[in-house]
**Q** 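Below you will find the structure I want to go over with you.
Here the structure is a predicted model, which is why all the values come from computation and not from measurement.
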Amino acid sequence: MSKPISARVHGVLDYAVAAVFLNAPMVIGFQHTTASKIAYWLTGIHLLLTACTDFPLGPFKWIPFRIHGAIELVAGLFVLLAPWIFGFSGQEGSRNFFVVMGVLIPVVAALTDYTARETLPPRQPGDRRRWGTREPAPVETPKTT
């Protein structure tokens with residue numbers, strides 16, 4: 001069975017998750033709390049992870065996409081347990097937000113196809129993209145006379 005979420009869609013969802021973590025304290029009403037600080041830290045960490053992942057929407061491409069998926073599974077578990085780890089399980093709004101996000105993150109990770117690669121057109125001179133087929137850069141050898 002093929003998984004329905006492609007790498008490109010996963011990238012869009014990753015940036016959306018970062019936006020949700022950034023705005024949730026203001027929208028749900030738990031700003032200036034421990035939960036808001038954790039949400040802001042998770043925003044930064046999620047943006048950093050997404051930006052450094054080797055997939056279509058990751059500009060730096062340092063982390064393999066499969067490793068990204070494994071990190072997200074662990075992060076989902078952390079987000080799910082955060083209200084009890086950090087002691088804000090009594091605050092209904094923040095607790096429910098973290099539980100919902102802690103369930104959604106692993107679900108998205110489970111539905112993402114981490115093995116599919118996009119087919120890109122042939123490289124052009126000066127093309128610096130790295131996602132897709134990995135061709136070694138041509139090496140110029142000095143001509144000896």
**Q** How long is the straight-line distance from SG of Cys52 back to CD1 of Ile67, given to the nearest 0.5 Å?
**A** 14.0 Å
**Q** Just wondering, more than 12 heavy atoms not from Trp84 lying within 6.0 Å of its CH2?
**A** yes
**Q** Which atom pair, heavy atoms only, marks the closest approach of Leu22 to Thr43?
**A** N-OG1, 3.1 Å
**Q** Nearest heavy-atom pair of Tyr15 and Pro59: which atoms, and what distance?
**A** OH-CD, 3.8 Å
**Q** Should the ring pair Phe21 and His46 be called parallel, tilted or perpendicular, given that the plane angle runs from 0 to 90° and is split at 30 and 60?
**A** tilted
**Q** Leu80 and Leu104: same hydrophobic cluster, using ILVMFWY side-chain contacts below 4.5 Å?
**A** no
**Q** Taking atom types as modelled, is there a side-chain donor on Asp113 or His10 under 3.5 Å from an acceptor on the other?
**A** no
**Q** Using side-chain heavy atoms (C-beta onward) and a distance below 4.5 Å, is Phe60 in contact with Thr53?
**A** no
**Q** Shared ILVMFWY cluster between Val12 and Leu47, side chains joined below 4.5 angstrom?
**A** yes
**Q** Counting N and O atoms only, with roles assigned by atom type, does the side chain of Ser36 sit under 3.5 Å from a partner on the main chain of Gln31, one being a donor and the other an acceptor?
**A** no
**Q** For Lys61 versus Gly58, what's the shortest heavy-atom pair and its separation?
**A** NZ-O, 2.6 Å
**Q** Using 30° and 60° as the class boundaries, would you call the ring planes of Phe30 and Phe97 parallel, tilted or perpendicular?
**A** tilted
**Q** Given side chain to side chain contact (heavy atoms under 4.5 Å, CB included), test Arg66 with Thr115 step by step and report yes or no.
**A** CA-CA 8 Å; Arg66 287 184 184 192; Thr115 60; 2.8 Å; yes
**Q** So, for Tyr114 and Phe55, is the gap between ring centers shorter than 6.0 Å?
**A** no
**Q** Indicate yes or no: at least one non-hydrogen side-chain atom of Val79 is less than 4.5 angstrom from one of Leu42.
**A** yes
**Q** Would you kindly confirm whether Ile85 and Leu77 end up in one hydrophobic cluster when ILVMFWY residues are joined by side chain heavy atoms under 4.5 Å apart?
**A** yes
**Q** Supply the atom-to-atom distance Phe98 CZ to Ile38 CD1, rounded to the nearest 0.5 angstrom.
**A** 5.5 Å
**Q** Quick check on the hydrophobic clustering: are Met101 and Trp41 connected, directly or via other members, by side-chain heavy-atom contacts under 4.5 Å?
**A** no
**Q** If I take atom CG from residue Leu81 and atom CZ from residue Phe86, how far apart are they, to the nearest 0.5 angstrom?
**A** 10.5 Å
**Q** Measure across Thr112 and Lys3 and return the closest heavy-atom pair with its distance rounded to 0.1 Å.
**A** O-CD, 3.2 Å
**Q** Measuring from Ser2:OG to Leu111:CG, what's the distance to the nearest 0.5 Å?
**A** 10.5 Å
**Q** To check you understand the geometry: which heavy-atom pair defines the closest contact between Ala82 and Phe88, and what is its length?
**A** O-CE2, 3.6 Å
**Q** Tell me, with the steps shown, if Asp14 and Leu57 meet side chain to side chain contact (heavy atoms under 4.5 Å, CB included).
**A** CA-CA 9 Å; Asp14 274 346; Leu57 298 181; over 6 Å; no
**Q** Any side-chain heavy atom of Ile5 sitting closer than 4.5 Å to one from Val108?
**A** yes
**Q** Tell me, do Leu49 and Glu72 make a side-chain contact under 4.5 Å, heavy atoms counted?
**A** yes
**Q** Check Gly69 against Ala109 and note the closest heavy-atom contact, atom names and distance.
**A** O-CB, 4.4 Å
**Q** Passes side chain to side chain contact (heavy atoms under 4.5 Å, CB included), Phe65 versus Asp54? Steps please.
**A** CA-CA 6 Å; Phe65 191 35; Asp54 185 13; 5.6 Å; no
**Q** How many angstroms lie between atom CG of Leu73 and atom CZ of Phe78, to the nearest 0.5 angstrom?
**A** 15.5 Å
